[in-house]
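One structure is given here, and the rest of the page talks about it.
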Amino acid sequence: EAEVAQSPRYKITEKSQAVAFWCDPISGHATLYWYRQILGQGPELLVQFQDESVVDDSQLPKDRFSAERLKGVDSTLKIQPAELGDSAMYLCASSPPPNTEAFFGQGTRLTVV
Amino acid sequence: KQEVTQIPAALSVPEGENLVLNCSFTDSAIYNLQWFRQDPGKGLTSLLLIQSSQREQTSGRLNASLDKSSGRSTLYIAASQPGDSATYLCAVPVHSGNTPLVFGKGTRLSVIA
């Protein structure tokens, strides 16, 4: 069964360091989302891509976060510099057009120390 | 702005009991509603997707209903098992089409053997 792949699964980084997460969506899914989930909360959208274009990055803290999906397939989310408050689960999801059913990866658990 | 609320926040039941999880949303003009399961430290697994034109969806021991006019959905779990212990999240798209999901905070379920 096709899955959304994310790596790494866990990342511990020091405050002010740079960190990057990678996501490979299900083949053929044009829409890709990055969500952030704080412990005890529901996921919240950071950025949405349609193919290689950003559709919605209104909630992305652009002073420190960046996201790209250069060839419209896999995607990278970067944080530089990391802050203590960035500790969270970072989830990638993809959707097949035109259905809006979302499929999620296993996430990357980030701990900033 | 769409807001999703889930009640109760936590639930503990003995094995074998039938149970109901509740989800409410403020804007009834939804395209669909999706229920997810999340195990501790893991990503989200899609359980059921109900289109706006549907009243309910069933998968095994799970049954989800949707009442758009009242802004409510319920997830019914029959004959609960310890393996059902997890957090259950409901989510609705912001708009129609491939748009991001707005999530509730989830219901944390514990099924005691």
Side-chain angles (χ1 to χ4, degrees), chain A residues 1-7 9-11 21 23 25-26 28-51 53-60 88-111, chain B residues 1-10 21 23-26 29-54 57 59 64 66 73 86-109:
Chain A
E1 184 174 312
E3 294 182 344
V4 176
Q6 288 189 249
S7 67
R9 286 293 314 279
Y10 306 94
K11 181 70 177 179
F21 314 130
C23 171
I26 294 173
H29 284 195
T31 307
L32 184 148
Y33 311 88
W34 284 101
Y35 289 85
R36 178 169 60 183
Q37 185 180 26
I38 297 169
L39 195 63
Q41 303 290 315
E44 294 185 340
L45 181 75
L46 289 174
V47 61
Q48 177 186 349
F49 289 92
Q50 183 69 26
D51 299 307
S53 300
V54 173
V55 174
D56 184 352
D57 64 356
S58 59
Q59 301 304 308
L60 188 72
M89 174 75 86
Y90 290 82
L91 295 161
C92 179
S94 66
S95 295
N99 196 318
T100 60
E101 182 172 10
F103 298 88
F104 282 75
Q106 287 299 301
T108 296
R109 166 68 68 186
L110 173 67
T111 302
Chain B
K1 178 184 175 184
Q2 179 74 271
E3 294 183 358
V4 178
T5 303
Q6 291 189 245
I7 295 173
L21 308 181
C23 171
S24 62
F25 43 94
T26 53
I30 62 169
Y31 193 67
N32 57 42
L33 184 143
Q34 200 166 354
W35 281 95
F36 294 90
R37 168 185 173 139
Q38 186 174 32
D39 293 297
K42 299 290 182 65
L44 277 63
T45 300
S46 180
L47 297 174
L48 290 164
L49 173 72
I50 311 177
Q51 300 293 349
S52 60
S53 58
Q54 297 176 311
Q57 273 283 10
S59 176
L66 174 63
S73 176
T87 296
Y88 291 81
L89 296 144
C90 72
V92 294
V94 175
H95 305 291
S96 62
N98 277 348
T99 59
L101 296 171
V102 176
F103 284 85
K105 293 183 178 180
T107 293
R108 189 172 67 254
L109 173 65

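Naming: A, B, ... by sequence-line order, numbering from 1 per chain.
- In this structure, Q57(B) places its CD atom where more than 12 heavy-atom neighbours from other residues, nucleotides or ligands lie under 6.0 Å away.
- Counting heavy-atom pairs closer than 4.5 Å to chain B, the top residue among A93(A), P43(A), G40(A), G107(A) is P43(A).
- Within a 6.0 Å sphere centred on CD of E3(A), other residues, nucleotides and ligands contribute 12 heavy atoms or fewer.
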Please step through side-chain contact (heavy atoms from CB on, under 4.5 Å) for the pair R109(A) and K42(B), ending with a clear verdict.
-> CA-CA 9 Å; R109(A) 166 68 68 186; K42(B) 299 290 182 65; over 6 Å; no

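- Between the side chain of Y35(A) and the backbone N or O of L101(B), at least one donor-acceptor pair lies under 3.5 Å.
- Within a 6.0 Å radius of CD in Q2(B), other residues, nucleotides and ligands contribute more than 12 heavy atoms.
- Residue Q6(A) does not touch chain B at all, counting heavy-atom pairs closer than 4.5 Å.
- Between L91(A) and G43(B), the shortest heavy-atom distance links the atoms CD2-CA, 3.9 Å.
- Taking each heavy atom of Q37(A) and L44(B) in turn, the nearest pair found is OE1-CD1, 4.4 Å.
- Among all heavy-atom pairs drawn from G41(B) and M89(A), the shortest one is O-CE, 3.4 Å.
- Checking side-chain atoms of Q34(B) against main-chain N and O of E101(A) turns up no donor-acceptor pair under 3.5 Å.
- With a 4.5 Å cut-off on non-hydrogen atoms, Q6(B) does not touch chain A at all.
- Taking each heavy atom of A102(A) and S46(B) in turn, the nearest pair found is O-CB, 4.2 Å.
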